[in-house]
Amino acid sequence: MSPVTSRSDVASDVALDTVVPFQVEALDARGRAVLLGPTLDTILSRHDYPEPVARLLAEMTVLTVLLGTSLKFSGKFILQTQTDGPVSLLVVDLVTPDKVRAYARFDETAVDAAVQAGAVSSEEMLGKGTLVLTIDQGQYMNRYQGIVQLDGSSLEEVAHNYFRQSEQIPTQVRLAVGTVTEPAGMDGVRHSWRAGGLLAQFLPESEERMKTGDLSPGEVPDGFVLDEPDLDDAWTEIMALVGTVDADELLDEKIGAERLLFRLFHERGVRVFDGTPVKQECSCSEEKVENVIRSMTKEERDEAVEDGRISVKCEFCSASYVFDPAQFDRQRAN
């Protein structure tokens, strides 16, 4: 059961929805930490997701934010799963530097059955399939895609495997999802979503310090497991420290990302950098939807007409757009 906390007596200087980069020079470690609050709650509250689906999408969102905000480019970073489990599709994209949106598709009957059976872990909700990481820097740049097999592993484990096999970067990821209770009206309360995440990587400046095999990135065969660096104990210490973090700490608004990093690494000397705020913002617009409809054939538009109009609902933000089919025929005639 994920933690449920109260917002009473929360430290006022804890920054929600802010990704905090850090570096531990003594261990050649770098990474990021975040506690998502209103941004995540806005994303999830726009859809009537069953609780296990919402928790899984929250995990995916915090992972996307941790990974996407570390990339130095102008464009879009996308994480997408396609699986055979009750939740067949998750999509989260981050438009650099700070705009995130997300949605999930699921089989309601299969999710209900899983809940009744108590099979609601992220691994059971996803099943088997693929996780695709896409970096899109615009129409004049090649898109990069990395594909990871989902075989019943958690999202944390999948992230570890991706970085070790595709990027050859030893990586530790911790994710946690929970809710907080907040006052709402006369003697009422509401539950708001929270998700915390921590990513730590072993990135020594000296290549001799990171011994992960002779294969270059992209050449690692399926099933091959790279050795962890063994020239010193730095990475072992990083894993041990990150392994002590529990869900309560990742979600505790009295701690926050900066205090958590100090708790973990202060004996080694941790440098915490200015955070990057993130916010929920969808890129859909009436103009974009209209252009898509205009690119359709007349037969395709006719099939989309219901009750004399073409209605489109954004899967990310639930915004609705309504068009008169005749306007596209008039434009074509002109």
Side-chain angles (χ1 to χ4, degrees), residues 2-3 5 7 9-40 58-72 77 94 97-98 100 154-157 159-160 163 167 169-178 180 193-205 209-210 228-229 232-279:
S2 297
T5 60
R7 291 211 69 213
D9 194 31
V10 171
S12 60
D13 59 341
V14 169
L16 298 175
D17 299 332
T18 300
V19 185
V20 180
F22 69 91
Q23 181 174 358
V24 185
E25 295 181 2
L27 298 177
D28 279 326
R30 290 178 244 173
R32 316 176 81 74
V34 68
L35 176 55
L36 294 180
T39 289
L40 177 67
E59 279 193 28
M60 186 84 155
T61 301
V62 75
L63 179 60
T64 303
V65 167
L66 286 173
L67 299 179
T69 55
S70 68
L71 301 173
K72 307 301 181 185
F77 175 72
L94 176 81
D98 60 359
V100 64
S154 68
L155 289 177
E156 288 182 359
E157 293 168 329
H160 298 163
F163 278 103
E167 305 294 332
I169 302 175
T171 302
Q172 283 289 104
V173 176
R174 297 302 309 276
L175 305 173
V177 177
V180 297
W193 288 99
R194 296 290 184 266
L198 171 66
L199 179 147
Q201 296 182 310
F202 186 59
L203 294 166
E205 295 183 3
R209 289 199 65 194
M210 185 164 62
E228 297 288 0
D232 56 54
D233 294 329
W235 179 237
T236 301
E237 184 173 345
I238 296 167
M239 291 192 296
L241 291 170
V242 173
T244 65
V245 179
D246 59 29
D248 289 321
E249 290 179 291
L250 286 170
L251 297 172
D252 193 339
E253 294 182 31
K254 298 178 185 177
I255 300 174
E258 293 189 6
R259 287 192 179 97
L260 177 60
L261 293 170
F262 179 77
R263 281 187 178 186
L264 286 177
F265 302 114
H266 70 278
E267 292 185 357
R268 285 294 195 166
V270 59
R271 295 179 62 195
V272 176
F273 302 94
D274 291 340
T276 301
V278 293
K279 59 186 176 182

- Query: What closest approach, in Å, do Val19 and Val278 show between heavy atoms, and which atom pair accounts for it?
  - Reply: CG2-CG1, 4.1 Å

- What distance do Lys279 atom NZ and Thr39 atom OG1 have between them, rounded to the nearest 0.5 Å? 9.5 Å

- Note on the structure: d(Asp248 CG, Leu250 CG) to nearest 0.5 Å is 9.0 Å

- Parallel, tilted or perpendicular: rings of Phe202 and Trp235 (30°, 60°): tilted

- Spacing of CG belonging to Asp252 relative to CZ belonging to Arg194, to within rounding of 0.5 Å: 11.5 Å

- Task: Over all heavy atoms of both residues, which pair between Ile238 and Ala200 is shortest? Give the atoms and the distance, please.
- Result: CG2-CB, 4.0 Å

- Query: Roughly how far apart are Arg30 CZ and Glu25 CD, rounded to 0.5 Å?
  - Reply: 9.5 Å

- Message: Would the distance check show the side chain of Glu59 and the main-chain N or O of Val177 forming a donor-acceptor pair, the cut-off being under 3.5 Å?
- Response: no

- Test item: Asp17 side-chain N/O and Pro277 main-chain N/O as donor-acceptor pair under 3.5 Å: no

- Partner residues of Arg268 under the side chain to side chain contact (heavy atoms under 4.5 Å, CB included) criterion, sequence neighbours left out: Val24, Ala26, Leu27, Glu237

- Taking every non-hydrogen atom, the tightest pair across Glu253 and Leu35: CG-CD2, 3.8 Å

- Please step through side-chain contact (heavy atoms from CB on, under 4.5 Å) for the pair Phe163 and Leu67, ending with a clear verdict. CA-CA 11 Å; Phe163 278 103; Leu67 299 179; 3.5 Å; yes

- Query: Which residue pairs satisfy the side-chain hydrogen bond (donor to acceptor under 3.5 Å, both in side chains) criterion with at least one member in residues 61-72, sequence neighbours excluded?
  - Reply: Arg32-Thr69

- Task: Could you pull out the closest heavy-atom pair between Val62 and Gly197, with the gap in Å?
- Result: CG2-N, 3.8 Å

- Closest non-hydrogen atom pair, Leu198 against Ala33: CD1-CB, 3.9 Å

- Item | Euclidean distance, Arg174 CZ relative to Leu63 CG, rounded to 0.5 Å | 13.5 Å

- Message: Quick one, Leu155 with Val173, criterion side-chain contact (heavy atoms from CB on, under 4.5 Å). Give me CA distance, side-chain angles, the key distance, then yes/no.
- Response: CA-CA 9 Å; Leu155 289 177; Val173 176; over 6 Å; no

- Partner of Val65 by side chain to side chain contact (heavy atoms under 4.5 Å, CB included), out of Asp98, Leu199, Val100, Leu40: Val100

- Task: Sequence neighbours left out, what passes side chain to side chain contact (heavy atoms under 4.5 Å, CB included) with Phe273? Give chain and number order.
- Result: Pro21, Gln23, Arg271

- Identify the heavy atoms of Thr244 and Leu264 that sit nearest to each other, and give their distance. OG1-CD2, 3.6 Å

